[in-house]
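All heavy atoms count here, side chains included; hydrogens, waters and symmetry mates do not. Numbered from 1 within each chain, the chains take letters A, B, ... in sequence-line order. If you're wondering where the values come from, they're calculated on a predicted model, not measured in any experiment.
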Number of protein chains: 2
Amino acid sequence: MKKRASTVCPIVYALDIWGDPWSLVILRDVLIHNKRHYREFLASRERISTNILSARLQSLVEAGLLIKIEGESNRAQTMYRPTQKALDLFPVIFAIMHWGLKYNPNTDMSIPIMQELKADEKGLEQRLLRNFDDVAT
Amino acid sequence: MKKRASTVCPIVYALDIWGDPWSLVILRDVLIHNKRHYREFLASRERISTNILSARLQSLVEAGLLIKIEGESNRAQTMYRPTQKALDLFPVIFAIMHWGLKYNPNTDMSIPIMQELKADEKGLEQRLLRNFDDVAT
DNA sequence: TGCTAGTGATTGCAAAACGCAAGTACAGAG
DNA sequence: CTCTGTACTTGCGTTTTGCAATCACTAGCA
């Protein structure tokens, strides 16, 4: 993707940061499924490959959506956590989920979060936000 | 982008359709700026190239987001209009705009729609929807 | 001490997608 | 019957993916 540098349009600004087919999958894992380790992202159903995961994590850190927390003397402790800028994507992700829910006939409605999204979106957001008390303002 | 065929996740479903860096720009032009002709999409600030525009329009038609209306005996009359499936993306686009507005310091707030989005989003959506009475159910 | 497994990446290479410029086919204007 | 405008398509070089293999390091175990 060509970086469009500075844009006057908020949509293009957003797309330049996470408008590729993988970044939002990672952010979904962070925000919805509370994943934080490289190995957890790799384990997703979508089977992202290691080099792409590595590149995306890095660009999301650079864009200020994730912070990388490295353990001392052990790489296995490395984790990625969202910033407030990422937490503010909840409305976007929920809007996308509503749309996908409406049009994707293969959606797995047995996943608890799907029910919750329809029944009580605000409550769901509040519950998920509590996973990030450490980073939220 | 690899087509992930059938997915159980509504987000991945959505990304497979418009999760590339250009499709949403086109949809923005259709939904927000009421563009309908090839030449109008080409004129956007983002300078999409002709082959990519052509390919994206085609894939959005295939995905059921746009319909292509061809004039009889004159290609200059060809136009692209959104389906209900595309109109249902308004909440997604508005959510993205809110986020971009918050974090993009270069947003041009003198564009009237930006003010309107903050002041009266629902009213804005209703007003824009009236552009599509011909296609909406 | 050595061996094995797990983790967070990086590298190499083929395949796909993109970006740009040029060209094509057709309609209407003059 | 040229000239302009429009909706594409084609060629081609560059960039970005996708996949497998590999690396560097740590911990666990004997």
Taking only distance into account, with no hydrogens and no angle test, what donor-acceptor pairs under 3.5 Å do side-chain atoms of residues 57-65 of chain A form with protein atoms, sequence neighbours excluded?
residue	atom	partner	partner atom	Å
A/Ser59	OG	A/Arg56	O	3.2

Contact check, residues 49-58 of chain A vs DNA chain C, heavy-atom distance under 4.0 Å, returns A/Thr50, A/Asn51, A/Ser54
Nucleotide [N], atom [atom2] - distance to [atom1] of [X] in whole Å:
| X | N | atom1 | atom2 | answer |
| --- | --- | --- | --- | --- |
| A/Asp20 | D/dT16 | CG | P | 12 Å |
| A/Arg47 | D/dA20 | CZ | C1' | 14 Å |
| A/Met79 | C/dT7 | CE | P | 14 Å |
| A/Lys35 | C/dT7 | NZ | P | 14 Å |
| B/Glu46 | C/dC20 | CD | P | 13 Å |

Sorted by chain and number, sequence neighbours left out, side chain to side chain contact (heavy atoms under 4.5 Å, CB included) with B/Arg45 holds for A/Val8
Sorted by chain and residue number, the side chain to side chain contact (heavy atoms under 4.5 Å, CB included) partners of A/Ile69 (sequence neighbours excluded) come out as A/Ile67, A/Met79, A/Arg81
Residue pairs passing the salt bridge (Lys or Arg N to Asp or Glu O under 4.0 Å) test with at least one member in residues 120-129 of chain A, sequence neighbours excluded, are A/Glu116-A/Arg127, A/Lys122-A/Glu125
Under 4.0 Å from OP1 or OP2 of [N]: is there any side-chain N or O of [X] that close?
| X | N | value |
| --- | --- | --- |
| A/Trp22 | D/dG18 | yes |
| A/Tyr38 | C/dT10 | no |
| A/Arg39 | C/dG6 | no |

For residues 101-124 of chain A, the ring pair (Phe, Tyr, Trp, His ring centres under 6.0 Å) pairs (sequence neighbours left out) are A/Trp99-A/Tyr103
A/Asn74 meets the side-chain hydrogen bond (donor to acceptor under 3.5 Å, both in side chains) criterion, sequence neighbours left out, with none
Sorted by chain and number, sequence neighbours left out, side-chain hydrogen bond (donor to acceptor under 3.5 Å, both in side chains) with A/Tyr80 holds for none
**Message:** Does any part of the side chain of A/Asn34, heavy atoms only, come nearer than 4.5 Å to the side chain of A/Leu128, both counted from C-beta?
**Reply:** no
- prompt: Would a 4.5 Å heavy-atom cut-off, applied to side chains only, mark B/Val92 and A/His98 as touching?
  reply: no
N/O-N/O pairs, protein side and nucleotides 24-30 of chain D side, under 3.5 Å:
residue	atom	partner	partner atom	Å
D/dA24	N3	A/Arg75	NH2	2.6

